[in-house]
Structures are given as C-alpha cells and as structure tokens.
Amino acid sequence: MSAATPAAAASQSVLDVTDFSVEFRTRAGIVRALDRVAFSVGRGETMALVGESGSGKSVTAYALLGLLDAAGRITGGSARLEGTELTSASPAALSAIRGKRAAMIFQNPRAALNPIRNVGKQIGDVLRRHAGLGARAAAAEAIEMLRAVGIPDPARRAGAYPFELSGGMCQRVMIAIAVATRPALLIADEPTTGLDVTTQAVVMDIMGRLAAETGMATILITHDLALAAERSGRIAVMHAGHIVEDAPTKTLLLYPRHPYTRRLLAATPTAAGNLADLRSIPGNLPDLRRDDLPPCRFAARCDRRLPACEAPMQWRELEPHHRVACWNPA
Amino acid sequence: MSDTALGHARHVVTENPVTGFALALFILFVLAAIFGPSLVPYDPLASDTANALQAPSGQHWFGTDQIGRDIFSRVVVATRLDLGIAAASVALVFAFGGFAGLVSGFFGGWVDQVIGRVSDTIMAFPLFVLAMAIVAALGNTVPNIVLATGIINFPLYVRVARAETVQRREAGFVDAARIAGHRDMGVLLGQVAPNIMPIMVVQMSLTMGYAILNAAGLSFIGLGVRAPTPEWGIMVAEGASFIVSGEWWVALFPGAMLMTAVFCFNLLGDGLRDIVDPRRRT
Amino acid sequence: MSGQIGNQPTPPEAEGPLLLDIAEVSKRFPVGKTGWLSGKSHSLVHAVDDVSLTLARGETLGLVGESGCGKSTLVRLLARLTDPTSGSIRFGTRELSAIPAKDFARDPDRARIQIVFQDAGESINPRFTAADAIADPLRQLQGLTGDTLRQKVEEAATLCGLPLELLARFPHQLSGGQRARVGIARAIGPRPDLLVLDEPTAALDVSVQVTILQLLVSLRESLGISYVFVSHDLNVVRLLCDRVVVMYLGRIVEVGPARAVFDAPLHPYTRGLVAAVPRLDGVRADALRLVGDPKSPIDPDPNACRFHGRCPIGTDRCGVEMPELRRFAGGRQAACHYAEEAPA
C-alpha cells in the first residue's frame, strides 16, 4: 500500500470522504441511497453518524468497506483511508483492508460470530491472517484481547462458543476481533441496539477506552441521538442520503442549525422534558427512487423553506468545523 | 395483496421464462383433460386390427397399437384419468397430511409424537412397495389408487406443514388472536393455516409429479387401472414388448406424455416457490 | 366458562378503585428435562417470582427491567395468555388466576384486557388487511357483523389517527407508524379497561415514536383506560407513566412514582439502570456501572438477593437473606437491605 498522502498526514485525518454517492438498482427503479456524502474522521476521534431508518447511515458504512450487495454501486466521489483510495480498490485489496486497517462491528453480534468455533480461535484467526502471528502467539494474544475488552477470566472464556455467551459478551468479542489488528478505523453499526442499557454502557466504555489508547478513529452509527451525545466528539446528521449537518457534539446539541437536526432533537425524549413538549417531524422521507428528487431532500418537510432551496445543495461552513447543507439555517 | 402478488407473479414469469413455459404446459394439460375426449380424432377404445401397429403418420400422428387403436387419441384421453387420480390423491393428502402437520406443530406434546411416529412408520417402507401393498390388499380400484398415492405422500405433507407451523406458533399474531378471543382451533385454522397455505400449494404442485408417476407406475405393474382403459402407465407397459421388434411409438408417446406431465409440475412447483418466497419479493 | 360472547363489564363503582391487584404471583418453567424414565425432578426457571402489584383505575404503570427480568412473562400472566404457577390475579372484583388461559379466550372479561404488541408488523397476521385485523376482536368478542362492525372498525381507526383509506392495506404495505396505529386500534376496539403496552414504540424512529406516545396519552384521557406500559426506554417510561415497577431476575426490586424513582433511585440496581441511560447532556463522570451479567434464573438460591454478586454495595448479608420489598415514604417500595443508604 502507498504511504499516506502529505495532506492526510498533516491533518491527522484517517478517513476522508468526499462527494460519495451510492445507488441501488431495484425492480422499482434506481434508489439514490447516498448523494455526495462528505466527512472526515481524525485519529482518535469518534464521529457519530446519526439518522432515522432509511437515512443511509448503514449504507455509508457498507459502501466504504466494499460490502454493498450486488444491486448497489458507488457512482461517484472518493473515500481515502490513510491515503488509500477505497472506491477504486479491487475486491482483493478491500478484503485486505477490512480486518486489518479498517474493521466493522454490527448489530446482533451473535449472528456475526461463527457458531461452531470458540471465540479464542476466532480472534486468533484474524491475528494469524492479518498480523502474521503463529498459532501459539495468536492464541496468547487472543486471550490478551479478551482481557482488553473487559471479559472476566479471559483464559477460560477463550474456549467458549458464542451461544454460551450473553449478547453483551458477544459484542465484546466482536470488538476484540475488530481491534485485534490495531485498525486505523473502526466502524460500529448500531453496536448496542438490542443490548440492555447497562450492557450498552459497558460496551461503549470499552470502545471509548480502546479508541483513546490506540488512536483508532471510530464511526459510531446510531439512531439514538442521546447515545451519540454521550459517546462522540462530533456528530454528522443524515437525512435521506444526505449529510445535512456536521458539527462538534456540544455545538450540534446546543446550537443546531439545520431544520432537520432541530426537529430530530425536538422529537428525542430527554430526561427532563414533558411528553407534550416533544414534537414529531411532519411528513415522510422522500421516495429516493424519484427522478425529480429536489436538491434539498428535506425541503418538502421543512418550515424554513425558501425559493433559494431550489438551488443545488451546497455546504456552508457557519463556524469552523460546523457545516450545514441548508440555504436558510436557523 | 392480489395486485402485488399478481405483479410479482408476472415478474417471476418474465424473469424466469421456464416457469412461463411450465404454466403454458399446465394449461395445455388441463385443457386436454377437460376437452380431450370430445376433440380427439378417433375413439380411444375402437380397435381396427387392419391398421394395427402403424408407425406415426398424417393419419395417426402417434401411430397405432397392437389392435389398431389410435395412440394419439388414447394418450390425450388418458390425461383426464391420470391427472384426476393425481389431483384427487394430492387433495386428499393435502387435507389430511396438512391438517395433521398443523396440529402436530401447533400443539406439540403427545399429538406431535403420535403423528410423528405414524409418519416415520410410513417412511420406513419403500414407498412404491407400500403403495403396491395397499392396492393389492384393498383391491384394484381407482379410489384405492388415490388412497395409496395419498398415503405414501402423507409424511411429506406432515413435515412441511409441521415445520411451517412451528415457525409461526410463537408469532406475535398468534398471541394477538388469542387476545382477540380466538381459541386454539380458531387460531390454528383462522390464523396459522392461511399463512402456511402458499408453501402448501407449492408442495402440492411438486407432489403432483410424484403422484402421476406413482399412479402410472401402479398401472404399469398391473396393480392400477385395467386395460382397455386408456392410461399412460398401462400403455407404456403394453408398448414395452414391442420396442424390441421396432414398434417404438407404442410405448414412447405415452411415456413421453408421462414425463412431460411430471416435468411440468416440478417446474411449476419451483416457479411457485419463487413466487411465494418473500425473500425474492424485494 | 360462560358461553356468552360480549363484554358485560361490572359497573366500575361496584369494583372499587383498584382495577388490577396481583398478589404473590409466580411463574416457573421446567427446563433441562432429565427424561421421564430417570424420574428426576426438573430444574425450574423462576421467570416471575413472588410478584405483587396493583394498578388503580386510570393509572399508567411502567414496567422496566433488562431482558430476562421476567417482564414479558409478567405481561403474559396479567393478560391471561399464560397461567401462573401460584398467586392471585384480581381484576376488578373477579379472581382470574383460576381461569385457565385457554378458556379465557371466551371469557366475558377477555375484551376488558387487551394488549398492544411490541412489533406491530409481526403481531398483525400478514394475510389480514388492517381492517380485518381491527375487526377480528370486535367480531370474536362482541359478535359484531356487517355495518355495525364496519362502523366500529372505522371508529377505532379514526380514534387512532389511521386514515380510512389505509384500512384495505396489508401490513407490509404500511409504514412502521401506521402499523403501530393498527395495533393500537385493534386493542382499543373492544374498549378494554386495561391495556398492556408491550414496548409499543421499540421499533419506531423517534419522530414517529412521539406521535404514537402522544396518541396513547390522548386515548388514555378520552377512553379512561388504564395502562401497563412495558419498555426498556426509561426516558419514555418517565414521560408516560405515573408509577414504575423495576424488575430484576423475576422479582420486583423497586416501585414508586416514576419521577421519584428515576431522580433518586433507592435500589442499587435502579441506580445502575438510570445511570446507564444515555442522555443528551452528555455522560456523567461519576456514572455507576453495572458490570457482569445477571445470575442464572434456573433454581436460584431462595435466600440470596438476586442482585447479589453484581451489586456494587452488597454485603455478605445479601447472600444469606433475601431482602423483602419494604415501604418507604412517598408511596415507594424497594427490596434492598441498604435502601436507606441511597444517596439523595
């Protein structure tokens, strides 16, 4: 692999995504799932990709790592992982990148683990394949990884099969597999959906600690704005295949500028509010198969719409590190 | 639903022309079964010894047999009987096997044990030999052929219906139905049964092929329909002895008809499976 | 069993203020069958253990706890979908625990206890239209047919904000929010007195969740229904519920007014649960973490606190003496020897 470009090295950016677009061909037409998505994640940074179902947050992750199914394809843009272009990489090259330089964990960890191999071996597999360790060294390192993700009695648990472990334990094993090769980037796709809140807290603590220790960049994909608020340094809000707002977490929560972000916040049950204070978001996601999708895909649901909104979507940097794709931000 | 199911069916047929072909064949067979006897050029039973063992020609498309009967007419007329036996046996086993599978999967416990052991017992026999034994014991009549063909397919229906029912026994809509005041039988017949119906229809189409083959097989070995009734199995049996002497058409055409019918139902079953499989409905 | 079909509620004034009074209810399931030849007794999963709770008319009771805490089993018990191993379930003036679940389907009180299920998509028969689904309990429980039935279906749909033109659709043709409305319309059709809401918004996006929660509040006001609201989302429970019951491994560990319980939990488990809930105002540095997993629910030690071993403040006493649910000021209860030491 080529060395990092000077620009990327200078900005300490691990992943740079620009104008990244993805389409799915279906019987009912072409779904424009992602449209010119752009963001970057720096070393040690945790960025949350937040949105409701159908916003394209998971598609972003899958497309970046070359895991789209046959109907999907990247139609434009660039995604550079430490300087390596992912969009033009061959399947073999992507496969080498996955698991070594970029790792991913999923919702429902038990389904993602091999049911008939014990977890120690599954962690060892990754180490042998991507780190070139021998069988014995891999087994020892696997136990260390289990210890690192806070699994008690790791030497014994290494011999356990996924069905013998709780959901939270399985997700910790997934994290151990993901970080075993010290990847530069970890994509966590709804990693705690389906886990209990107490387990979620523990799993998120572990992910945060590992990121801090190793300088790994993390993309946390979640529908839960409160989880993103607690666990990320920056939040990018997605709506219908667009990133509509991208800002440091505190800024985004205190001074949301995009109308959709404001709506999303107003709909999130917080610890303090009354039910009557919550507001739903009017309308629905636009049909992404339409040929005449408006430049702003939120326009039809937006109460701040202007004639200018018919103009092509454009990023506006309101303050340093606070971008909004809106002609009339609040 | 009907419009989307129809649209999906149209899509499957256009995407997979083999299914369309099978459907066309199926329609042809059904038409032959209904109208065949009134359309065929000759009386299928009328012998004409002067014209015995004629090779296929413009006059006799499929030739004539050893007593001069028109093979084309006989083959077409036999469609009604062969398909009739198969359809009746499939309907029979669908009703009993399907219900047994539903009950077995839904209630579990001893009911499941008993039905499971009965199925296992049937499966323990070579199925064709079992069918032979049943017909031999009960008598050589069309209803007994139907019964025998149904019995040997029973375990298959029990298994499919049971497996599909077990999957849905814990479904949310089953609890919802109880909350809505349905008792067990109401839940079973009103809620679960309609949900396993599509897969059972696929099963029916797939087993139609076996049923046709089984009925013809019984007739072939003399345990089924008797001569001179036109029936594919008997015709193949009668024609078999003429193959060595070069009169191949006597056995070939009924045999080909049999093969086409089985082939048609198997293809149709595969196509139907694609239509009802929700994983393909995206 | 009564042969009657239809809902003939006892007049509320004759029933007193309590709609539901559950006392010492337990549900145990046999596991690890040892075989009928060996004659050994089964191990038992204590899914619900010695649970007592009450629900006043018009009240909304929240039921929270982690997976495996027994809340689903408790829901099935009080909705009379399954029979308790022991204990009493009083509904109004009637004792329901003795009526077998399979006969309760035709009981006159069936219509008075309804459920809104977790996954509306899964709980609507895929071969039923929305109208069929809403009509089903009305037909079965109240014997309605024809125009009366149609009128009642449309009335329920309208109450739930479901456009009538969607009634002809099948579940897969509806959005998640619309399906949730169908599930609610079906449940309120027979005009129940008690509605059990089993995670009704768990599968919904926040923007849709808001409208469904607000719909539930307005139905509670207009129809005077009492709710048992089961959820793992403490923020939602806090918004909707008057009182909350916290369960851990089959037992109730804390009961009290929702806001009081969440603002100042008495039980260490509740404290851990509340601390683990993500908040928009960011993670707290002093947050309490519950590490480890719950103990096995199979044949638990009857003399040990179920939380012992995972509890941050437990002592040896907790391993030998099961804490009883004790009363505290403000209508609160907690099952912890050290509840008095809770930080204010």
Side-chain angles (χ1 to χ4, degrees), chain A residues 50-55 150-152 165-169 192-205 208 222-232 249-250 252-254 260 263-285 301, chain C residues 60 64-69 175-178 201-218 220 231-241 248 259 262-263 269-284 287-294 310:
Chain A
V50 171
E52 298 185 280
S53 46
S55 62
I151 289 185
L165 300 175
S166 67
M169 287 277 193
T192 56
T193 305
L195 300 182
D196 288 315
V197 279
T198 56
T199 313
Q200 165 172 284
V202 172
V203 168
M204 293 308 299
D205 283 349
T222 179
H223 65 278
D224 185 347
L225 204 47
L227 183 72
E230 280 197 351
R231 305 293 180 166
S232 68
T249 299
K250 283 211 164 56
L252 187 107
L253 296 172
L254 291 174
Y260 176 68
R263 286 285 191 175
L264 199 60
L265 277 165
T268 302
T270 56
N274 280 310
L275 186 54
D277 300 335
L278 294 183
R279 295 279 175 271
S280 69
I281 306 176
N284 295 304
L285 287 180
R301 313 169 73 179
Chain C
T60 297
V64 302
E66 295 179 290
S67 51
C69 74
S175 72
Q178 289 163 348
T201 60
L204 302 176
D205 279 319
V206 281
S207 60
V208 184
Q209 170 175 275
V210 176
T211 61
I212 297 298
L213 294 176
Q214 286 169 346
L215 167 68
L216 289 172
V217 168
S218 79
R220 179 174 67 188
S231 180
H232 67 275
D233 188 336
L234 267 50
N235 287 325
V236 171
V237 171
R238 183 192 179 102
L239 291 177
L240 202 71
C241 299
Y248 187 80
R259 295 206 175 222
F262 293 144
D263 289 344
Y269 172 67
T270 317
R271 280 208 290 285
L273 196 61
V274 171
V277 175
R279 289 157 49 142
L280 280 176
D281 52 11
V283 73
R284 284 130 295 160
L288 176 68
R289 285 284 176 271
L290 295 181
V291 292
D293 292 308
R310 203 183 171 198

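Each chain gets a letter, A, B and so on, in the order its sequence line appears, and its residues count up from 1. Given the structure is predicted, the values throughout are model-derived calculations rather than measurements.
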Colleague: Give a yes or no on whether a salt bridge exists between A/Glu230 and A/Lys250, defined as a side-chain N under 4.0 angstrom from a carboxylate O.
Modeller: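 Between A/Lys250 and A/Glu230 there is no salt bridge, as every charged N stays at least 4.0 Å from the carboxylate O atoms.
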
Colleague: Checking A/Met204 against chain C: side chain, backbone, both or neither under 4.5 Å from a heavy atom?
Modeller: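 The answer is neither part of A/Met204.
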
Colleague: Can you tell me which of A/Leu275, A/Val197, A/Thr199 forms the most heavy-atom pairs within a distance under 4.5 Å of chain C?
Modeller: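 Going by pairs under 4.5 Å, I would pick A/Leu275.
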
Colleague: So which of C/Asp233, C/Val208, C/Asp205 has the biggest tally of heavy-atom pairs under 4.5 Å with chain A?
Modeller: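 The option with the most such pairs is C/Asp205.
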
Colleague: Is it the side chain or the backbone of A/Thr198 that comes within 4.5 Å of chain C heavy atoms, both, or neither?
Modeller: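 Answer is both: backbone and side chain atoms of A/Thr198 are under 4.5 Å from chain C.
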
Colleague: Would you say A/Asp196 and C/His232 make side-chain contact, with heavy atoms under 4.5 Å?
Modeller: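 Result no, sub-4.5 Å side-chain heavy-atom pair not found.
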
Colleague: Can a salt bridge be assigned to the pair A/Asp224 and A/Arg231 using a cut-off of 4.0 Å between side-chain N and carboxylate O?
Modeller: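 Answer for the salt bridge query: no.
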
Colleague: Given a strict heavy-atom distance threshold of 4.5 Å, which part of C/Leu240 is in contact with chain A: side chain, backbone, both, or neither?
Modeller: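 Just the side chain, heavy atoms under 4.5 Å.
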
Colleague: Does A/Gly283 offer a backbone N or O that forms a donor-acceptor pair with the side chain of A/Arg301 under 3.5 Å?
Modeller: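 Side chain of A/Arg301 to backbone of A/Gly283, a donor-acceptor pair under 3.5 Å: yes, one is there.
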
Colleague: Is there a donor-acceptor contact under 3.5 Å from the side chain of A/Gln200 to the main chain of A/Gly168?
Modeller: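 No.
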
Colleague: So which of A/Pro152, A/Ala267, A/Pro282 has the biggest tally of heavy-atom pairs under 4.5 Å with chain C?
Modeller: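 Looking at each of A/Pro152, A/Ala267, A/Pro282 in turn, A/Ala267 comes out on top.
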
